[in-house]
Protein chains: 2
Amino acid sequence: MSPTTDAAASTEVEAAETEAATKNLVFVAAERLFALHGFQNVSVRDITAAAGVNLASVNYHFGSKDALLFEIFRRRTAELNRERAKMLHEANDRNTGSPPVREILAALLTPPLRWLAPDHERRISLQFLIRARSEGTDEIRNVLKTDVSHLRRFSDALLRARPDLSPEDVYWRLHFTLGMLHNNRFAEFDRLNVLSEGQTSESDVVALLERMLAFAEAGFKG
Amino acid sequence: MSPTTDAAASTEVEAAETEAATKNLVFVAAERLFALHGFQNVSVRDITAAAGVNLASVNYHFGSKDALLFEIFRRRTAELNRERAKMLHEANDRNTGSPPVREILAALLTPPLRWLAPDHERRISLQFLIRARSEGTDEIRNVLKTDVSHLRRFSDALLRARPDLSPEDVYWRLHFTLGMLHNNRFAEFDRLNVLSEGQTSESDVVALLERMLAFAEAGFKG
DNA sequence: GTCTATATCGAGATAGAC
DNA sequence: GTCTATCTCGATATAGAC
């Protein structure tokens, strides 16, 4: 947009912008298609067609289809976990380093629930992450299995908040809470809507977060 | 084994037994491989090789790879839901048709948790069903979404047990409980084991069931 | 019913022109 | 950096001999 007197620099900038734009188009289209239809059901051709770019773009910019998936996974996971860590940090500040269970769970659940809002720009990213967890490549599953450093911040906080519980109890309850969270896929919402004959709606994410927090917090009682 | 004087009949019986045996070998091998590696990562060649039968067996006995997956899904789902329905029926009998929340949840969770036991012959079937739920074919997902008649028995029982709650509350809490259940995959157990540094073990399914019931029942309080 | 050989297809990846 | 054309592979499904 800003004019420049140097034609060569202008060309370079435009090329860089085009490159970034193409790469980003692929990234966004792939994320969306993977989230909606699953990794294995989406071909590189589907992605490049949806993005309006050339078939070879995926391999040029990302190396392979697997690497593309992994890069989306990495970026979105980092983004989500940053929001969670920030909330946990704030909860620590408010509570002299030892927040109650509810605030810890809120730090864990609020960011993904925010992303779930119908008009949120990361709505599709959250569905992607949920799918990647069970349908991803071996590399992704391996990261999920071995890289628990992020999750450990939360289990440590919970252990501090409930020193009366055995660590085993705390870990299992965290596992159950994560199960509640990971079940929030479009398909499961659809099923629930059919079962309840339209009496449930996932579009009010504030209410859903409140429901989840209440359920999980109650599970941590006793 | 039992001798017969009729050679022709004997041959027929043997053929029928062979056919049933081959079909069953394919069924069992496919269920195991799908459960361990996912539907898309297992080829018809993998299945027939593991079963020790001919490559063409899958198509001859089941029609297609998709149809094989669907038949496994159908049979195991029916089997599991029969056990659940029986337990719910017994709970009704014990409580003059209106069992408390805990007994309803126990009828829903106990059969799958039993299957999860390390030495249970349906251990792998449960992992298959959990995977099929998220990685299955369109046909399976469609059945899951639209056929809620089995689940409705449980939501109806819960609505009767908690007439003080809004139906919306009941449906959501059932959804959360199912999320806890569906998170019981091998990969998630592995992750939990890493996080807890070996302090959690899913092999004691009686203890796990008790933990899940306590957590879910607490979530239904209030 | 079973098996081998093969038809057919769609996928990811890439060479090489521009 | 981008694009077209193509390579190569692995998959399911099936025809036809036995």
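Just so it is clear: chains get the letters A, B, ... in the order the sequence lines come, proteins before strands, and each one is counted from 1.
Under the rule for a salt bridge (Lys or Arg N to Asp or Glu O under 4.0 Å), B:R185 has no partner lying at least two apart in sequence or in another chain. Shown here are the side chain to side chain donor-acceptor pair (under 3.5 Å) partners of A:R141, two or more places apart in sequence or in another chain: A:D138. Not counting sequence neighbours, the partners of A:R211 by the side chain to side chain contact (heavy atoms under 4.5 Å, CB included) test are B:E168, B:D169, B:W172, B:F176. For the side chain to side chain contact (heavy atoms under 4.5 Å, CB included) test, residues two or more places apart in sequence or in another chain that qualify with B:A50 are B:A29, B:L33. Judged as a side chain to side chain donor-acceptor pair (under 3.5 Å), and not counting sequence neighbours, the contacts of A:E83 are A:W115. The side chain to side chain donor-acceptor pair (under 3.5 Å) test applied to A:R84 returns A:N81, not counting sequence neighbours.
When the P atom of C:dC3 is taken as reference, atom CG of B:N54 falls 5 Å away, rounded to whole Å.
Contact annotation: B:H61 does not reach the phosphate of C:dG1 (side-chain N/O to OP1 or OP2, under 4.0 Å). Neither OP1 nor OP2 of D:dG1 sits under 4.0 Å from any side-chain N or O of A:T22.
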When the side chains of residues 65-74 of chain A are checked against the rest of the protein, which donor-acceptor pairs come out under 3.5 Å, sequence neighbours left out?
from	atom 1	to	atom 2	distance (Å)
A:K65	NZ	A:F39	O	3.2
A:K65	NZ	A:V42	O	2.7

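The closest donor-acceptor contact from the side chain of B:R191 to the backbone of A:L144 lies under 3.5 Å.
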Task: Footprint string (nucleotides 6-18 of chain C, 5' to 3'): B base within contact, S backbone only, - free, heavy atoms under 4.0 Å - done: -----SBBB----
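The stretch residues 25-37 of chain B does not touch DNA chain D, since none of its heavy atoms comes less than 4.0 Å from the strand.
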